[in-house]
Amino acid sequence: MKPGLPKGTRDFTPAQVRKRNFIFNILRETFELYGYQPIETPAMENLHTLMGKYGDEGDQLLFKVLNNGDFLAKADAEALAEKDSRKALPSLSKRGLRYDLTVPFARFLSMNRNELAMPFKRYQIQPVWRADRPQKGRFQEFYQCDADVAGSTSLVYEAELIEIYDRVFAKLRLPVKIRINHRKLLLAMAQFAGIESLFSEFTTALDKWDKTGEPGFVRDMESLNTDADTIQSLLQILRDGFDHPDTREKLSRSEAGKQGLEELKEIQLLGGWDDLYNPVAVDLTLARGLSYYTGCILEVEPTGFDMGSLGGGGRYDDLTGIFDYKGISGVGISFGAERIYDLMEEAGLFPPLSAAATRILFMPFDREDLIYARKWVKQLIDRGIPAEVYPEPTKLKKQFKYAENLQLPYVALVGERERKAEVVAVKNQKTGEQKDYSTAELIRLLKD
RNA sequence: GUGGCUGUAGCUCAGUUGGUUAGAGCACCAGAUUGUGGUUCUGGGGGUCGUGGGUUCAAUUCCCAUCAGCCACCCCA
């Protein structure tokens, strides 16, 4: 049979896995540094915990897992006869693949509410699945990297998460811009313009500001039958920006606006933005489509590259309300690891990473040498130094080729002369230097 | 879900106004080179031209369908 992969999925070669792990390791290290704890949840969840959490569109993009056993016998015969997929679904599938990490986290919190000390800080790096049409940088299976804090409304965490973003991208040597905004400021803008009833449409239109700019926003607002004066008053605020005194005055006319301004001020005080590696700025055009955000929202964009956001997040009150666990506020961020990977690849920001961990390859000339080399390899491995021997004594050309393909830093030639002198001839693959080493000397060389 | 582009060797791609045996570069294997690879030279293996159908004396080429991949929109990471 011919080999193939399901649409939107991919294999990763050793070199790719090493690069991905480079990113994941920095994320893990940084999350740990700030006291976040790792959790993992199953790839499959009960379908009813997933359905209805991501909107109608989300339900369609959920991968459903077909029931085991004689699933047709137990299916809703009427729905099948009518060819009504939606109606037949509950009787055909009771499980689905997770769509994101937030809903499983909320489920996890609700189930473990008596065990977990609040505030609970967790991070999670796992794949999620979406039956989306694949595209550049978009797959049906991809990793999400989330850090969230549940059970506290303290703005310390907003400040902390901004700092985590900053530190991670500094470690990756990827210059970014961190944009923040507040849901209550968006509400205040809508109230000021008298379009509070169109709030969610307004945020959706605003969300496009980045892509289509001001004209796109205006077009969207016009299609909502918003009159020209209203649009103009909104544009005035958006053009002036957050730091303009007029803007602040307009926003503080409403209670929501006052609160939003107050909270952003507090986050800034707690955050010490001047001390960060990357710029942080309040951007009133930042909307984030997701409707469950209720407080501060944030997004990270690369500077100097034409690419969308590398991550986003925000605060959502009542994270776990859908699971009958009220009063838990959450704030979190997510990293778009696949995009970060593509960007770093494009910019050549990955450090040199060998394909194999092996530090030295022993190259035997004959059977005797092979046996001799095996003993050396064992001694190195016993000391934690990754080493291997070429499995058969063949011509050096072939053995060198192997070492080159794996980008190994050293090779050791093992022949009769070396055996008799109880040494190996070690060649530095980078410099081409070659000299004899005893076991102790070799261990010292490779131990660094 | 809507629209567009592309499927030729392991990879990147030529090609044929429809005509005998489909090419190149890289990669791979062997030799020049029985203790020193990455350069060079010589030779070699490898293709049902995505799949199915149609038009034709003749299809990799033209037409239709289908599948897959890519790109844009929607949405999103």
Side-chain angles (χ1 to χ4, degrees), chain A residues 2-11 13 23 27 54-62 85 98-102 124-146 203-205 207-208 210-212 216 220 287-292 299-302 307-313 332-343 361-366 368-369 390 393-408 410-421 424-436:
Chain A
K2 56 184 157 194
L5 281 174
K7 180 197 300 206
T9 66
R10 55 231 149 110
D11 289 326
T13 63
I23 296 172
L27 288 171
Y54 311 102
D56 279 356
E57 200 136 354
D59 284 355
Q60 287 215 309
L61 298 182
L62 279 173
S85 305
R98 67 166 166 254
Y99 181 89
D100 71 358
L101 300 179
T102 305
Q124 193 172 355
I125 300 175
Q126 289 192 279
V128 303
W129 294 267
R130 296 183 187 179
D132 216 348
R133 184 179 281 214
Q135 226 184 93
K136 183 166 103 177
R138 293 175 64 173
F139 304 91
Q140 294 202 335
E141 176 184 76
F142 62 96
Y143 272 72
Q144 283 200 335
C145 314
D146 284 16
T203 57
T204 309
D207 203 25
K208 288 196 194 143
D210 287 332
K211 266 187 207 162
T212 51
D220 269 31
R288 306 227 74 204
L290 301 170
S291 53
Y292 52 74
E299 199 160 279
V300 181
E301 259 177 28
M307 190 174 280
S309 87
L310 300 178
I333 56 174
S334 182
F335 288 82
E338 321 282 347
R339 272 196 190 170
I340 293 172
Y341 179 100
D342 287 348
L343 198 52
L361 174 74
F362 286 75
M363 311 199 315
F365 286 101
D366 61 29
E368 281 301 301
D369 305 332
Y390 197 83
T394 57
K395 26 175 92 169
L396 286 187
K397 177 170 176 152
K398 205 162 182 180
Q399 305 197 37
F400 266 116
K401 193 89 175 181
Y402 179 78
E404 193 198 334
N405 283 340
L406 296 180
Q407 301 164 48
L408 307 183
Y410 295 99
V411 298
L413 292 127
V414 184
E416 197 183 349
R417 184 187 70 76
E418 286 81 3
R419 252 189 297 131
K420 289 201 169 135
V424 288
V426 174
K427 182 167 182 177
N428 180 321
Q429 287 287 83
K430 204 169 237 168
T431 63
E433 278 177 279
Q434 183 173 327
K435 89 182 229 236
D436 288 352

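Each chain gets a letter, A, B and so on, in the order the sequences are listed, and its residues count up from 1. In what follows, every heavy atom counts, from backbone to side chain, and hydrogens, waters and symmetry copies are set aside.
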Engineer: Please name the nucleotide paired to B/rG35 by Watson-Crick or G-U wobble geometry with both distances under 3.5 Å, or report none.
Structural biologist: none

Engineer: Take the protein atom NZ of A/Lys136 and the nucleotide atom C1' of B/rG4, then report the distance between them rounded to whole Å.
Structural biologist: 16 Å

Engineer: So, A/Arg339 side chain and A/Ser309 main chain: donor-acceptor pair closer than 3.5 Å or not?
Structural biologist: yes

Engineer: What integer number of Å spans the C1' atoms of B/rC70 and B/rU12?
Structural biologist: 16 Å

Engineer: Between A/Asp342 (CG) and B/rC70 (P), how many Å, whole number?
Structural biologist: 12 Å

Engineer: Determine the interplanar angle of the A/Tyr54 and A/Tyr99 rings, folded into 0 to 90°, and report it as parallel if under 30°, tilted if 30 to 60°, perpendicular if over 60°.
Structural biologist: tilted

Engineer: Would you tell me if any nitrogen or oxygen in the side chain of A/Gln135 comes within less than 4.0 Å of OP1 or OP2 on B/rA72?
Structural biologist: yes

Engineer: Mark yes when over 12 heavy atoms from residues, nucleotides or ligands other than A/Glu416 sit less than 6.0 Å from its CD; otherwise mark no.
Structural biologist: no

Engineer: Given atom CD of A/Glu57 and atom C1' of B/rA77, what is their separation to the nearest angstrom?
Structural biologist: 15 Å

Engineer: Can a donor-acceptor pair be found, under 3.5 Å and without considering hydrogens, that links the side chain of A/Gln124 to the backbone of A/Cys145?
Structural biologist: no

Engineer: Applying side-chain contact (heavy atoms from CB on, under 4.5 Å) between A/Phe400 and each of A/Val411, A/Leu361, A/Asn405, report the one that passes.
Structural biologist: A/Val411

Engineer: To the nearest Å, give me how far apart CG (A/Asp132) and C1' (B/rU2) are.
Structural biologist: 14 Å

Engineer: Can you check the distance between B/rU33 and B/rU40, where both ends of the measurement are the C1' atom (answer in whole Å)?
Structural biologist: 13 Å

Engineer: Whole angstroms only, please: what is the CG-P distance between A/Asp11 and B/rC11?
Structural biologist: 13 Å

Engineer: Using the P atoms only, state how far B/rC11 lies from B/rG43, rounded to an integer number of Å.
Structural biologist: 26 Å

Engineer: If the P atom of B/rG44 is compared with that of B/rC5, how far apart are they to the nearest Å?
Structural biologist: 42 Å

Engineer: Evaluate the criterion side chain to side chain contact (heavy atoms under 4.5 Å, CB included) for residue pair A/Asp146 and A/Asp100; output intermediate values, then yes/no.
Structural biologist: CA-CA 10 Å; A/Asp146 284 16; A/Asp100 71 358; over 6 Å; no

Engineer: If you only use heavy atoms from C-beta on, which nucleotide in B/rC28, B/rU2, B/rA30 is closest to the side chain of A/Arg133?
Structural biologist: B/rU2

Engineer: Specify the separation, in whole Å, of atom OH of A/Tyr54 and atom P of B/rA77.
Structural biologist: 11 Å

Engineer: Between P on B/rU2 and CD on A/Gln60, what's the gap in Å once rounded to a whole number?
Structural biologist: 11 Å

Engineer: For the C1' atoms, the ones on B/rC13 and on B/rC64, what distance do you get once it is rounded to whole angstrom?
Structural biologist: 27 Å

Engineer: Given 3.5 Å as the limit, does a donor-acceptor pair link the side chain of A/Glu338 with the main chain of A/Arg138, or not?
Structural biologist: no

Engineer: Please round to the nearest 0.5 Å and tell me the distance separating atom CD of A/Gln144 and atom CD of A/Gln126.
Structural biologist: 10.5 Å

Engineer: Tell me the partner of B/rC62, counting only Watson-Crick (N1-N3 plus N6-O4 or O6-N4) or G-U wobble (N1-O2 and O6-N3) with both under 3.5 Å; none if nothing fits.
Structural biologist: B/rG54

Engineer: So what's B/rA72 paired with, Watson-Crick or G-U wobble, going by both distances under 3.5 Å?
Structural biologist: B/rU2

Engineer: With rounding to whole Å, what would you report as the distance between B/rG46 and B/rG10 at their C1' atoms?
Structural biologist: 9 Å

Engineer: What contact category does A/Phe335 fall into here, base, sugar-phosphate, or nothing, at under 4.0 angstrom with non-hydrogen atoms?
Structural biologist: nothing

Engineer: Whether A/Lys398 contacts B/rA30 is assessed here as follows: a side-chain N or O lying under 4.0 Å from the phosphate OP1 or OP2. Is that the case?
Structural biologist: yes

Engineer: Can you tell me, in whole Å, how much space there is between the C1' of B/rG50 and that of B/rG38?
Structural biologist: 37 Å

Engineer: Could you state the atom-to-atom distance from CD1 of A/Ile340 to P of B/rA77 in whole Å?
Structural biologist: 13 Å

Engineer: Taking a pair as Watson-Crick or G-U wobble with both distances under 3.5 Å, which nucleotide is matched to B/rG43?
Structural biologist: B/rC29

Engineer: Each nucleotide in nucleotides 32-37 of chain B should get exactly one letter: B, S or -. Can you fill that in based on protein heavy atoms under 4.0 Å?
Structural biologist: B--BBB

Engineer: Please check: side-chain N/O of A/Glu418 versus main-chain N/O of A/Gly415, any donor-acceptor pairing under 3.5 Å?
Structural biologist: yes

Engineer: Can you tell me, in whole Å, how much space there is between the P of B/rA72 and that of B/rA58?
Structural biologist: 43 Å

